[in-house]
There are 2 protein chains.
Amino acid sequence: MYPKSLKNLIESFKFMPGVGEKTAERMAFSVIELDDEKVDFFSNSIIEIKKKLRRCTLCNSLTESELCDICSNKLRDESVLCVVEDPKSVILFERLGIFNGFYHVLNGLISPLDGINPEDIELDRLIDRIRNGNFKEIILAFKPSIEGETTSLYIKKIIDDLNVSVTKIASGVPMGADMEYIDAITLERALSDRKNVE
Amino acid sequence: MYPKSLKNLIESFKFMPGVGEKTAERMAFSVIELDDEKVDFFSNSIIEIKKKLRRCTLCNSLTESELCDICSNKLRDESVLCVVEDPKSVILFERLGIFNGFYHVLNGLISPLDGINPEDIELDRLIDRIRNGNFKEIILAFKPSIEGETTSLYIKKIIDDLNVSVTKIASGVPMGADMEYIDAITLERALSDRKNVE
């Protein structure tokens, strides 16, 4: 029904998460309306991302160089390492602008049910980095979930013999949330992790 | 904060309608995860759409040839012409599979407030086509709106001297709609256009 080139573009947009037939159609039609310059920019961006973007050899985050901007920054605090589950988390923390240590990006979280084992997320690279580094604190910043817990416990166990404190980000009721919409597990966690009012 | 290639791709996705920073980020990250074959397919689709896709010289719909598939189909009913406001409407009607006439795609609708006049939507091409053709009925299939009404009345007036009936698609309460959520103008229209129960 659609001309072939239009059909192909619609199919391409459907590769994106959460994009179904209707949204893909709307997007493809909007590409037709774009001026030539923007279309070139768009197609080039896609080509470039595969050509230029790679993983930082040290922290595994996304970069266009051998080392990412953070790993090559001599001014950051060498005593703290924040371990995250994906490159996007690095951006989220950097946006806050309050963390000045280094990062390490795993390729996901341990999930035995999905067949994802420690070697699949290259945990040994993290362990080696910690063993060879001078970190005083390792912050585990995974999403609160069974997979996050499993990965945290696994890392803690392996580096337990080192003189490094292992912490994890707090889990609880998010700011501004309506209490009635908080799920039971979160509420339970928030209660058991209660703090003194200071 | 993002590597340049990733930033460019995020900007590109923001060209799409309804895509803001967060969605664009999510989409750009998903492109990184795609295999090379899909990434090539995606970038090629965008390049091809500007290279191959053009307007049908007769009906102004999208095609990769001189004439679109519908205009070059000898089996369709030459006595009915359905006038629509954009190429997407052609697809919507074709999907229904109940209309077997020809189409004519305008470049939008007349909207004096937005400075869109009859010449801006190439209405003369439609008028010429009707004058030189053997159509018995012209169906106006625009969205119910001031612009749709204006365009319909304008076309009707210009071809009033021809022996062609001019109809428009029905407007009213959509199937399955809750009456309480129908706006006043739609309800008013549905009441005044009421039909005998047969």
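In what follows, chains are A, B, ... by sequence order, proteins preceding strands, each numbered from 1. Small disclaimer: the values here were computed from a predicted structure and weren't measured.
- At a 4.5 Å heavy-atom cutoff, B:Val90 makes no contact with chain A through either its backbone or its side chain.
- Between B:Glu11 and A:Ser45 there is no side-chain heavy-atom pair separated by less than 4.5 Å.
- With a 4.5 Å cut-off on side-chain heavy atoms, B:Thr23 and A:Met16 do not count as touching.
- Counting heavy-atom pairs closer than 4.5 Å to chain A, the top-ranked of the candidates B:Ser12, B:Ser61, B:Pro87, B:Cys68 is B:Ser12.
- The shortest distance between side-chain heavy atoms of B:Pro3 and A:Lys52 does not fall below 4.5 Å.
- Residue B:Lys4 touches chain A through both its backbone and its side chain, counting heavy-atom pairs closer than 4.5 Å.
- Counting non-hydrogen atoms of neighbouring residues, nucleotides and ligands closer than 6.0 angstrom, the CG atom of B:Asp35 exceeds 12 such neighbours.
- Cluster annotation: A:Leu162 is connected to A:Leu81 through the hydrophobic network of ILVMFWY side chains, with a link wherever side-chain heavy atoms come within less than 4.5 Å.
- Atom CD1 in A:Ile32 sits 7.5 Å away from atom CZ in B:Arg55 (nearest 0.5 Å).
- A:Ile116 and A:Leu113 fall into different hydrophobic clusters, where Ile, Leu, Val, Met, Phe, Trp and Tyr residues are linked whenever their side-chain heavy atoms come under 4.5 Å apart, directly or through other members.
- Salt bridge status for A:Arg95 with B:Glu25: present, with a side-chain N to carboxylate O gap under 4.0 Å.
- The aromatic rings of B:Phe41 and A:Phe15 are tilted relative to each other, their planes meeting at an angle between 30° and 60°.
- Side-chain atoms of B:Lys50 come within 3.5 Å of backbone atoms of A:Leu34 as a donor-acceptor pair (strictly under, hydrogens ignored).
- For the set A:Met27, A:Glu33, A:Lys51, the count of heavy-atom pairs under 4.5 angstrom toward chain B peaks at A:Met27.
- Atom CD1 of A:Ile185 has 12 or fewer heavy atoms from other residues, nucleotides or ligands within 6.0 Å.
- Between B:Ile46 and the options A:Asp40, A:Leu9, A:Asn8, A:Ile47, a side chain to side chain contact (heavy atoms under 4.5 Å, CB included) holds for only A:Leu9.
- Looking only at side-chain heavy atoms (C-beta outward), A:Phe29 and B:Leu62 come within less than 4.5 Å of each other.
- A:Val19 is connected to A:Ile49 through a chain of hydrophobic side-chain contacts under 4.5 Å among Ile, Leu, Val, Met, Phe, Trp and Tyr, so both are in one cluster.
- The distance from the CZ atom of A:Phe42 to the CZ atom of B:Phe42 is 4.5 Å, given to the nearest 0.5 Å.
- In B:Glu21, the CD atom is crowded: over 12 heavy atoms of neighbouring residues, nucleotides or ligands sit closer than 6.0 Å.
- Two different hydrophobic clusters hold B:Ile146 and B:Ile169 under the rule that ILVMFWY side chains link at heavy-atom gaps under 4.5 Å.
- Heavy-atom neighbours of B:Asn134 CG from other residues, nucleotides or ligands within 6.0 Å: at or below the threshold of 12.
- Hydrophobic clustering places B:Ile130 together with B:Val80 (ILVMFWY residues linked when any side-chain heavy atoms are closer than 4.5 Å, directly or through intermediates).
- For A:Glu37, the CD atom is loosely surrounded, since the number of other residues' heavy atoms within 6.0 Å does not exceed 12.
- In this structure, CG on A:Asn44 lies 12.0 Å from OG on B:Ser5, to the nearest 0.5 angstrom.
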